[in-house]
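Pasting a structure here, questions to come.
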There are 2 protein chains.
Amino acid sequence: MLKDLQYIKQTLAGHGLKVTHQRMVIYQVLQETDTHPAAEGIYEKIKKKNPSISLGTVYKTLEVFVEKGLIKKINTSEGNMRYDARMDIHNHIYCTNTKEIIDFKDDELDMLVRDFFKRKKIGNFNLKEFRLHISGEKIDPGKHIEIT
Amino acid sequence: MLKDLQYIKQTLAGHGLKVTHQRMVIYQVLQETDTHPAAEGIYEKIKKKNPSISLGTVYKTLEVFVEKGLIKKINTSEGNMRYDARMDIHNHIYCTNTKEIIDFKDDELDMLVRDFFKRKKIGNFNLKEFRLHISGEKIDPGKHIEIT
DNA sequence: TCTTTGTTGATAATTATTATTATTTATTTT
DNA sequence: AAAATAAATAATAATAATTATCAACAAAGA
């Protein structure tokens, strides 16, 4: 599912970013993967085809993307940050042994929580978003988890 | 609200830990604070009265506490880990400008989510816990947030 | 074209954390 | 109680992840 370049260009430009080659490939990798990669992982993926791009640029670019609201930074119980290009509201399932972060989107759950906060007000606070962190471990690490 | 030493000793011993002075003071700081401090912050607090305790010991001790199920390790959008001595199920409100992590416990919400997962099953996955991460920012950083 | 500004790559520096090891303290054995 | 063994700690070194610096380059404006 290769996102077409035009779309990527528009997305970058639409967020007030100058379109550069490095930004294109970094954003493209994020679009193509659903594994919520770390900076290092993104760097590994792109450097085959683009050996000149430096790790520092990957870090800086990711930070710029986060600032501009293009991607989200997500934190894990290990020491490193991971990045998520999926911007719709969704939750994350953390597998404590495989370290995977699996997306979990459920409209009913979202509504449930949103509804709850319509009643429950948090004063002196401007609520931006909520995310459910579900943690546990895969029973068979080789297989996918399945939500039914 | 100084926790009495006997209680702390019992808690440590009850989790299979040898009672030492450093473990006592580290656990005590965690009990006394609701700010979810980082290792560094704990170190700063205890070193006034205990200048000989080393930062490495703080890190190691915290890790031991986590392993033994005495405390929880929580991750923030910045790069560092923070520790939480409150072990009952509760959620966290994260203020993106003051970097505060504020506890948010609500039985109704817990029930709502628990109920949801009774119906919605996640296959090939052993669900351990879920926590709602609420983020946003305080309107007046000087004042507390209030839940009504 | 000249000037200014933004971006990148190379590298150094910093921060948070973990590992190592000698020493200290506690526990068990004799 | 002394010696032997084990566990915990302090000091320090090492590592990993991330950020800062800065010169070179590219793009945009005057």
Side-chain angles (χ1 to χ4, degrees), chain A residues 8-9 12-13 15-30 36-68 70-84 99 101, chain B residues 8-9 12-13 15-30 36-68 70-84 99 101:
Chain A
I8 295 177
K9 279 182 191 168
L12 292 174
H15 284 79
L17 289 173
K18 202 172 286 182
V19 175
T20 68
H21 178 240
Q22 13 287 87
R23 283 174 181 170
M24 297 262 295
V25 294
I26 292 171
Y27 188 64
Q28 191 170 30
V29 166
L30 279 164
H36 313 81
E40 186 74 38
I42 294 165
Y43 175 64
E44 290 305 324
K45 273 207 182 134
I46 62 180
K47 85 168 166 191
K48 297 163 197 166
K49 294 195 176 176
N50 309 81
S52 76
I53 292 178
S54 82
L55 180 58
T57 300
V58 174
Y59 272 104
K60 184 121 82 23
T61 302
L62 288 168
E63 209 47 52
V64 170
F65 286 175
V66 171
E67 278 163 25
K68 296 289 179 180
L70 249 171
I71 64 172
K72 283 229 150 73
K73 200 175 187 176
I74 58 183
N75 38 255
T76 67
S77 306
E78 304 95 71
N80 59 354
M81 292 294 161
R82 294 170 59 178
Y83 298 87
D84 191 350
K99 313 298 181 202
I101 298 170
Chain B
I8 295 177
K9 278 181 191 168
L12 292 174
H15 284 80
L17 289 172
K18 199 173 288 182
V19 175
T20 68
H21 178 240
Q22 12 287 86
R23 284 174 179 169
M24 297 263 295
V25 294
I26 292 170
Y27 187 65
Q28 189 169 33
V29 166
L30 279 164
H36 312 82
E40 185 74 37
I42 294 165
Y43 176 63
E44 291 305 323
K45 271 206 183 133
I46 63 180
K47 84 168 170 193
K48 296 162 196 165
K49 293 195 176 176
N50 309 80
S52 77
I53 293 180
S54 83
L55 181 57
T57 300
V58 175
Y59 272 103
K60 184 119 86 18
T61 302
L62 289 167
E63 210 48 51
V64 170
F65 286 177
V66 171
E67 278 162 26
K68 296 288 179 183
L70 250 169
I71 63 172
K72 282 227 151 76
K73 201 175 185 174
I74 57 184
N75 36 254
T76 67
S77 306
E78 303 97 71
N80 59 353
M81 293 294 162
R82 298 177 47 183
Y83 298 86
D84 191 350
K99 315 297 182 205
I101 297 171

Distance-only criterion, 3.5 Å: show the donor-acceptor pairs between side-chain atoms of residues 38-47 of chain B and protein atoms not counting sequence neighbours.
none

**Q.** Value in whole Å for how far the C1' atom of C/dA10 lies from CD1 of A/I53
**A.** 14 Å

Q. Out of curiosity, B/L30 CG to B/T61 OG1, how far, rounded to the nearest 0.5 Å?
A. 10.5 Å

Q.
So, using side chain to side chain contact (heavy atoms under 4.5 Å, CB included) as the criterion, who are the partners of B/T76 when residues are at least two apart?
A. B/E78, B/N80, B/R82, B/Y94, B/I101

**Q.** Worked check of side chain to side chain contact (heavy atoms under 4.5 Å, CB included) between B/L12 and B/T20
**A.** CA-CA 9 Å; B/L12 292 174; B/T20 68; over 6 Å; no

Q: Can you check each nucleotide of nucleotides 16-29 of chain C against protein heavy atoms at under 4.0 Å and return B for base, S for sugar-phosphate only, - for none, in 5' to 3' order?
A: SBB-----------

(Q) I'd like the 5' and 3' limits of the part of DNA chain D contacted by chain B, with heavy-atom contacts below 4.0 Å. (A) D/dA7 to D/dA11

Q: Report which part of the nucleic acid B/T20 touches: base, sugar-phosphate, or nothing (heavy-atom distance under 4.0 Å, all strands).
A: sugar-phosphate

Q) In chain order, what residues pass the salt bridge (charged side-chain N to carboxylate O under 4.0 Å, His left out) check against B/E67, with sequence neighbours excluded? A) none

Q) Whole-Å distance between C/dG6 P and A/Q22 CD? A) 17 Å

Q | Test ring pair (Phe, Tyr, Trp, His ring centres under 6.0 Å) applied to A/Y27 - qualifying residues, sequence neighbours left out | A | A/F65

Q: First locate atom OH of B/Y83, then atom NZ of B/K73, and finally report the distance between them rounded to the nearest 0.5 Å.
A: 4.5 Å

Q. Which distance, rounded to the nearest 0.5 Å, do you find between the CZ of B/R23 and the CD1 of B/I53?
A. 12.0 Å

